[in-house]
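Letters go in sequence order (proteins before strands), and every chain restarts at 1. The shown structure was predicted, so the numbers you read here are calculated from the model rather than taken from an experiment.
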2 protein chains.
Amino acid sequence: MVARRDVFQAIADPTRRAMIGLLANKTLTINEVAGNFGMSQPAISKHMHILTECGLVVMVKIGREKHCRANLKGLEEVTRWTEQYRIFWNQRLDALEDLLNADND
Amino acid sequence: MVARRDVFQAIADPTRRAMIGLLANKTLTINEVAGNFGMSQPAISKHMHILTECGLVVMVKIGREKHCRANLKGLEEVTRWTEQYRIFWNQRLDALEDLLNADND
DNA sequence: TGTTTGTATAACCAATCGGTTATGCATTAA
DNA sequence: TTAATGCATAACCGATTGGTTATACAAACA
């Protein structure tokens, strides 16, 4: 009953992708993260919550501060999904071209 | 003013990811695609519209049929984004562990 | 011709999203 | 002890999402 949020959905938002970029090799507090975006602290907190729900960010509370760091193992799932289609990337879509030709006769 | 839909958002939906899987190496009509999912034809059409908007699916109209095929070059953008973080995947998050230890003293 | 088929579109719906402001609460500083 | 700080939560908001049913329309079939 974990109901963990989906990684694909988590990275669908550009703000959250930017947060991942920020925290990939730096540990920042919530406020320090917020300093990089032009939105309110609660908005930042919500994005960070989504990122922690799917494990892409880990937070450690120290006193009143929360120190955040990306934990990008979860991106492996995305890469695995996209990589299975790499063999199709440069495909010429001949079947579709045949259909186009069939359309012209 | 293209307002092309974002690939990250397009693949955020599991139904659309399944459609990509279906059409990666097969050309199917809209109705044939619909046959693989337990939802109405308009719902399928809308998903397919989103996939074509961002170029992940190409459609050729032949008579009253629309033949669809995945065009997965667009997934390269996703792989490029995830791959830049591969070096962090097996990182031990030492900085965070240090913080944890600092918390315990 | 009239009917069926393949698909799109409109109108609608509840749920979710991404933001806001206001407020509460625990921790630190004065 | 009191004030300030770091963050979360609640309540709200408009826009978007993902689905529905009803309908329209062009193409194919009878």
Let me see the working for A/I30 and A/M59 under side chain to side chain contact (heavy atoms under 4.5 Å, CB included), right down to the final yes or no. CA-CA 9 Å; A/I30 297 278; A/M59 310 207 297; 4.0 Å; yes

Just to be sure I understand: a Watson-Crick pair is purine N1 to pyrimidine N3 plus N6-O4 or O6-N4, both under 3.5 Å. Using that and G-U wobbles, which stems of three or more pairs involve DNA chain D? C:1-30 with D:1-30

Counting primed atoms plus P, OP1 and OP2 as sugar-phosphate and everything else as base, spell out the protein contacts along nucleotides 1-10 of chain C at 4.0 Å heavy-atom distance: B, S or - for each nucleotide, 5' to 3'. ---BBSBBB-

A side-chain contact here means heavy atoms from C-beta on lying under 4.5 Å apart; do A/F88 and B/I20 qualify? no

CD1/B/I87 to CG/A/L72 distance, rounded to the nearest 0.5 angstrom? 9.5 Å

Give a yes or no on whether a salt bridge exists between A/E83 and A/R80, defined as a side-chain N under 4.0 angstrom from a carboxylate O. no

4.5 Å side-chain heavy-atom contact, A/M48 and A/V33: yes

Tell me whether B/R17 contacts the main-chain N or O of B/A12 through its side chain, where contact means a donor paired with an acceptor under 3.5 Å. yes

Would you say that B/K66 contacts B/T52 through its side chain, given a criterion of any heavy-atom pair below 4.5 Å between the two side chains? no

Close residues, residues 11-25 of chain B, relative to DNA chain C [heavy-atom separation under 4.0 Å]: none

Side-chain contact test, heavy atoms from C-beta onward, threshold under 4.5 Å: evaluate it for B/I11 versus A/W81 and give yes or no. yes

Contact interval (first through last nucleotide) of DNA chain D with protein chain A, 4.0 Å heavy-atom: D/dA4 to D/dA11

A/M48 CE to C/dG19 P, straight-line distance once rounded to whole Å: 14 Å

For A/S45, side-chain hydrogen bond (donor to acceptor under 3.5 Å, both in side chains) partners two or more places apart: A/Q41

Any side-chain heavy atom of B/L56 within less than 4.5 Å of one from B/M19? no

Pairs satisfying ring pair (Phe, Tyr, Trp, His ring centres under 6.0 Å), at least one member in residues 13-51 of chain B, at least two apart: none

Let me confirm one number: the CZ-CD1 distance from B/R5 to B/I50, rounded to the nearest 0.5 Å. 4.0 Å

